Amino acid sequence: MTATTITEVLAWEALDSRGRPTVACRVELAGGATGRAVAPSGASTGGHEARELRDGDPARYGGYGVLRAVASVGATLAPLVTGLDAVDQTAVDAALESADDDPLLGTVGANAVLAVSLATLRAAAASTGRPLWRHAADDGGGAPLLPLPMVNIVSGGAHAGRALDLQDVLAVPVGATSFAQAIEWAARVRAAAADLLDQRGVPTALVADEGGLAGGLDGNEAALALVTDAVQHAGLTPGADVGIAVDLAANQLHDGTGYRLERDGVTLDTAAWLRRLEAWCRDYPVVSLEDVLVEDDWAGWATATGALGATRQLLGDDLFATNAGRLRRGIDDGVANAVLVKANQAGTVSRARHVTELARAAGYATVISARSGDTEDDWLADLAVGWRTGQIKVGSTMRSERTAKWNRLLEIEATAGDGGAAFAGAAALSRSPARR
Ligand SMILES: O=C(O)[C@@H](CO)OP(=O)(O)O
Ligand SMILES: [Mg+2]
């Protein structure tokens, strides 16, 4: 036994930002170092992502309880990793993955697995006395890099009671030269957007799951217009200072016949839908489009990449599901040019990291992302910097589970010291002028 041998693994139910339980875990090492982590949880989940285990008992949290997942940590996962060296994350994650015949980890619960995996990483970092971002960077990641943020301004879809069909309309501060400036600009745009809605008499106090403005807009395009106007209202230049990213979350739009835009009163076939996206890209400063088509329409995605991918970031979330096999297929077929990285879609730290490295080797951009149900835990910020993802998507500049990540990145930028972390800026965007 060494100082970094895992001696104890404990899990419990904690609450996420939607008031639903999630799995929290603490890992203790022989030398006394500990690590703690809480798993996040999505709402617009794809069919190919790792599977949470929930209790389904309506008497507890309306069926959302995670006592079964907590129990699988104690009964199954803890015995597998106790005695392993926490510094060897690959071995720990391999042991965790071996607990389930289902590659999507649905029997033991991906929420249980991820909490143990992350808590182990945190404990290993603590044992070295270094911050998590530095530990993650030193562990083969290369020089740490502060990410360009994508910040939610207007929400719809599954995060906002379908106030709009578009799920996220986000500000991307492409002209910022530091992370602090990027966040300040995004916060100004958020405030300006609320101000513009206030002027129209739209109530803005109620916010969506990720802190975005929800409601009061006359159709989907009005959200793009609002964010563009808000950039100007904030004293910034649309396009040069702040661009727009959109998460279409197309799985949620497709009704079996086509892409149904409730708010616009139309259902579009794939060709017409792509033409509409092209028009939006022409009329608004759109730099990034996420999940433009349903997750298994590989042929459609290849067409979309041909139509839009030369000049815009085309980001796969449900499409790739942070799954190396799906990303490999996308790379081989020339589908999309960027991947969203969500640790809980993958199930373990090692799998998520592998996807990041695979993407980078193929010239795909990477955007590490929070979930719509998240917590005050800030490991995501450290992984963004340590893994050099270049971009991060967390939600709005409001709600504490979101600001926890922004504030952690601000702290890292302010305290990184000599040879600290550079800011990725617009060059991190796939198809940004800086990369083309
Ligand atoms: O679709 C997404 O990109 C995420 C975050 O916005 O949502 P969810 O966590 O609900 O999947
Ligand atoms: Mg998405």
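Along the sequence shown, residues carry numbers from 1. Start at 1 and go down the list; that is how both ligands and their atoms are numbered. No experiment lies behind these values; they were computed from the predicted model shown.
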Checking contacts here: is it the side chain or the backbone of Asn152 that comes within 4.0 Å of ligand 1, counting heavy atoms only? Could be both or neither. neither
For Asp209, which part has a heavy atom under 4.0 Å from ligand 1: side chain, backbone, both, or neither? neither
Using a plain distance cutoff, I'd like to know if [X] has any nitrogen or oxygen under 3.5 Å from a nitrogen or oxygen of ligand 1.
{"X": "Thr45", "result": "no"}
{"X": "Glu210", "result": "yes"}
{"X": "Ala43", "result": "yes"}
{"X": "Ser369", "result": "no"}
{"X": "Arg371", "result": "yes"}

Would you check if there is a donor-acceptor pair between the side chains of [Y] and [X] at a distance under 3.5 Å?
{"X": "Ser17", "Y": "Glu210", "result": "no"}
{"X": "Arg431", "Y": "Thr311", "result": "no"}
{"X": "Thr204", "Y": "Asp198", "result": "yes"}
{"X": "Asp209", "Y": "Ser372", "result": "no"}
{"X": "Gln252", "Y": "Asp291", "result": "no"}
{"X": "Asp16", "Y": "Thr22", "result": "no"}
{"X": "Gln313", "Y": "Ser288", "result": "yes"}

Salt-bridge contact Asp378-Arg122 (side-chain N to carboxylate O under 4.0 Å):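 Result for this pair is yes, salt bridge flagged.
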Between Gln167 and Glu290, is there a side-chain heavy-atom distance shorter than 4.5 Å? no
Is there a side-chain contact between Asn323 and His48 in this structure, where contact means two heavy atoms from C-beta onward sitting under 4.5 Å apart?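 They are not in contact (no side-chain heavy atoms under 4.5 Å apart), so the answer is no.
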Which atoms of ligand 1 are found less than 4.0 Å from any heavy atom of [X]?
{"X": "Leu340", "value": "3 (O)"}
{"X": "Gly42", "value": "8 (P), 9 (O), 10 (O)"}
{"X": "Asp247", "value": "1 (O), 2 (C), 3 (O)"}

Where is the nearest protein heavy atom to [atom]: which residue, which atom, and how far?
{"atom": "atom 10 (O) of ligand 1", "result": "Ser372 OG, 2.6 Å"}
{"atom": "atom 1 (O) of ligand 1", "result": "Gln167 NE2, 2.9 Å"}
{"atom": "atom 4 (C) of ligand 1", "result": "Lys342 NZ, 3.3 Å"}
{"atom": "atom 3 (O) of ligand 1", "result": "Lys393 NZ, 2.7 Å"}

Which heavy atom of [X] sits nearest a heavy atom of [Y], and at what distance?
{"X": "Leu53", "Y": "Gly109", "answer": "CB-CA, 3.6 Å"}
{"X": "Gly390", "Y": "Ala424", "answer": "O-CB, 3.5 Å"}
{"X": "Trp185", "Y": "Pro173", "answer": "CE3-CB, 4.1 Å"}
{"X": "Gly212", "Y": "Arg190", "answer": "C-NH2, 4.2 Å"}

Close approach, Asp291 and ligand 1, non-hydrogen under 4.0 angstrom: no
Are any of the heavy atoms in Ser44 under 4.0 Å away from ligand 1? yes
Under 2.8 Å from the Mg ion (ligand 2) - protein N/O/S, by chain and number: Asp247 OD2, Glu290 OE2, Asp317 OD2
